[in-house]
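Single-structure report; data block below.
A quick note: this is a predicted structure, and the numbers were derived from the prediction, not measured.
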Amino acid sequence: MRLSQYTNVVRRFDYYIMHNTLHNSFLTLDTKELQEQFDEIEGIFKYDPENPLHQMLNDKKMIVSKNDVSEVSLAKFYTDKKHSTMKLFIIVNDKDNRSIDTLMLENIYHFIISEVFKNHLFGLEITIGGYNPLLKMEILTPFIEKVHQFCEENELNFIGSFKIPPVLLNVQTLVELNQHNIEHFHICFDDAFILKEKKYHDQWDKSIDLIINSDLKFECTLDVDFTNIEKTNIEGCIESLAKVFKNDERFQFYFEVAGHTENESYKAMELIYRTAKALHMNIEKELKRMIHVGGMHCDSTNDYFFAIDYRGELFKCHESLSNSAGMLSDKGYEMDINKTSAFTYSKLKQSCTTCGIYPVCSGKRCPLRSLNNDMCKHVLEHYYNCLIYLYL
């Protein structure tokens with residue numbers, strides 16, 4: 001027998017954390033005896049069915065037979081499976097108040113119908129974003145209802161979400177969106193927002209308090225970027241968030257450190273995770289998703305993911321709208337297959353398939369930078385940070 005090439009080990013203080021990324025199985029070794037036995041395992045070893053450690057490793061699929069060659073094939077099968085859900089990110093307006101109109105929403109609706117039937121898709125996820133998408137609710141509401149009805153009639157899974165500025169998160173907004181089958185929200189802000197003067201936050205804090213005391217049904221992911229870790233009191237920021245959101249299970253946190261070296265980011269993220277765990281913040285669901293098979297795939301690797309701006313331009317990445325891949329109009333749509341395939345297909349290095357987190361990442365964390373060595377290092381560190389947080 002031998003260790004699976006997708007078994008990863010974190011040795012921390014008085015325990016070992018083991019995770020197999022192909023089978024998403026976990027094992028913790030918390031005694032000195034088991035740890036020493038495990039450290040003696042190198043390369044191929046003889047399996048002893050009476051050995052408790054060997055039994056645990058086998059039950060959790062941490063080990064495979066020495067001649068097993070199916071792991072890579074199985075990992076490729078999982079990571080290359082054809083997507084069956086269409087995902088759209090609709091950018092309804094920009095900061096100059098240029099915005100989408102009813103005709104373009106009708107074009108998007110026909111684009112959805114065409115792609116769903118042509119590709120035999122089983123689901124549809126739509127995220128509404130932009131500078132302030134709530135300004136266009138008058139025309140977005142009938143569009144969402146029409147799309148939801150189409151999904152119901154054709155037995156498609158439907159998820160609708162809004163990406164809105166933090167200051168617009170209030171009961172009235174959630175009630176209105178709930179009425180139109182929108183129960184998922186994304187709120188993005190950074191450490192600068194958290195540290196703004198108290199009077200700026202008073203109204204926001206009151207709004208959150210009203211939401212928490214309501215019986216509204218929703219899921220909200222709070223994306224928090226730490227952009228200035230040199231000057232920011234990280235623990236203070238997280239304590240403030242914990243105090244405001246009171247560990248309400250409807251709110252999930254996702255933390256990132258932006259604009260710093262890998263080493264700085266790694267240290268900051270470990271402090272963030274430790275603080276969040278001590279405060280019992282809701283972060284585990286997002287992290288478990290991240291280290292699952294395909295969990296670090298960028299949405300743009302999905303053949304049926306598109307960002308669509310208010311003019312009808314199609315993009316494969318909603319974070320970088322600099323490379324148009326097509327255009328919608330009342331006459332249909334045009335697509336540049338060369339530009340879309342740059343995101344959906346990437347030629348991997350041989351070392352990718354033998355990397356311990358290949359089933360999780362498979363080179364698809366960010367298609368534009370998938371073969372960048374620094375990017376690989378960042379993805380690995382993020383994976384280990386997730387693992388450490390979950391099993392601290």
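Criterion: ILVMFWY side-chain heavy atoms under 4.5 Å apart, direct or through other members. Under it, I113 and M86 are part of a common hydrophobic cluster. Using a 4.5 Å cut-off between side-chain heavy atoms of Ile, Leu, Val, Met, Phe, Trp and Tyr, with links allowed through other members, L210 and L241 fall into the same hydrophobic cluster. In terms of hydrophobic clustering, with Ile, Leu, Val, Met, Phe, Trp and Tyr side chains grouped at heavy-atom distances under 4.5 Å, V147 and I159 are assigned to different clusters.
Centroid-to-centroid, the aromatic rings of F89 and F315 stay 6.0 Å apart or farther. Aromatic ring centres of Y383 and H19 lie closer together than 6.0 Å.
Counting all heavy atoms, side chain and backbone alike, I91 lies closest to G130 at CG2-CA, 4.1 Å. Taking both residues in full, the closest heavy atoms of D330 and N107 are given as CA-OD1, 3.3 Å, listed atom of the first, atom of the second, then distance. Across every non-hydrogen atom of L314 and M327, the tightest pair is CD1-N, 4.0 Å. Between I283 and Q252, the shortest heavy-atom distance links the atoms N-OE1, 3.9 Å. N8 and G356 make their closest contact through ND2-O, 3.1 Å (heavy atoms, listed as atom of the first residue, atom of the second, distance). Among all heavy-atom pairs drawn from K61 and T7, the shortest one is O-OG1, 4.4 Å.
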Practice prompt. Check the pair Y310, R98 against side chain to side chain contact (heavy atoms under 4.5 Å, CB included), reporting the backbone distance first and the verdict last.
Written response: CA-CA 8 Å; Y310 59 91; R98 293 175 294 191; 3.2 Å; yes
Fill in: Step-by-step ring pair (Phe, Tyr, Trp, His ring centres under 6.0 Å) determination, F150 to F117
CA-CA 12 Å; F150 166 75; F117 287 143; 5.8 Å; yes
Discussion item. Applying side chain to side chain donor-acceptor pair (under 3.5 Å) to E115 and Y333, what does each step give before you reach the verdict?
Written reply: CA-CA 11 Å; E115 288 294 291; Y333 61 92; 2.6 Å; yes
Worksheet entry | ring pair (Phe, Tyr, Trp, His ring centres under 6.0 Å) evaluation trace for F45 with H54 | CA-CA 10 Å; F45 66 97; H54 291 187; 5.1 Å; yes
Worksheet item: What's the verdict on ring pair (Phe, Tyr, Trp, His ring centres under 6.0 Å) for F218 and F251, showing C-alpha distance, side-chain angles and the deciding distance?
Response: CA-CA 9 Å; F218 66 88; F251 293 98; 5.4 Å; yes
Worksheet item: Given M281 and F255, is the side chain to side chain contact (heavy atoms under 4.5 Å, CB included) satisfied, shown in steps?
Response: CA-CA 12 Å; M281 296 177 75; F255 296 107; 4.1 Å; yes
Worksheet item: Should K285 and E219 be marked as a salt bridge (charged side-chain N to carboxylate O under 4.0 Å, His left out) after you check the CA-CA gap, both sets of side-chain angles, and the distance that decides it?
Response: CA-CA 12 Å; K285 181 179 178 182; E219 290 183 10; 3.5 Å; yes
Discussion item. Run the salt bridge (charged side-chain N to carboxylate O under 4.0 Å, His left out) test on K46 and E40 for me, step by step, so that the C-alpha distance in whole Å, both residues' side-chain angles and the decisive distance to 0.1 Å come before the verdict.
Written reply: CA-CA 12 Å; K46 186 175 181 179; E40 292 175 0; over 6 Å; no
Worksheet item: Run the salt bridge (charged side-chain N to carboxylate O under 4.0 Å, His left out) check on K246 and D248 step by step: do they pass?
Response: CA-CA 5 Å; K246 300 179 176 63; D248 189 307; over 6 Å; no
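A side-chain donor-acceptor contact under 3.5 Å links H110 and E106. A donor atom on one side chain and an acceptor atom on the other are found under 3.5 Å apart for D191 and T227. For the residue pair Q5/T354, the side-chain donor-acceptor check at 3.5 Å is not satisfied. No side-chain donor from either of S25 and N20 sits under 3.5 Å from a side-chain acceptor of the other. Checked by atom type, the side-chain pair E153/Q149 shows a donor-acceptor distance below 3.5 Å. A donor-acceptor contact under 3.5 angstrom links the side chains of D68 and S70, judged on distance only.
Annotation: cation-pi pair K146/Y109 present, NZ/CZ under 6.0 Å from the ring centroid and within 45° of its normal. Cation-pi geometry between K316 and F306 is satisfied (NZ or CZ under 6.0 Å from the ring centre, within 45° of the ring normal).
Look at K136 and D101 and you find no salt bridge, because none of the NZ, NE, NH1 or NH2 atoms lies under 4.0 Å from a carboxylate O.
Of the inter-residue distances, the one linking L174 atom CG with C220 atom SG reads 7.5 Å to the nearest 0.5 angstrom. Taking CD of E125 as the reference point, atom OG of S161 lies at 8.0 Å (rounded to 0.5 Å).
Ring geometry, F189 versus F193: the interplanar angle falls from 30° to 60°, so the pair is classed tilted.
Looking at F245, F185, Y254 one by one, the single match for side chain to side chain contact (heavy atoms under 4.5 Å, CB included) with L222 turns out to be F245.
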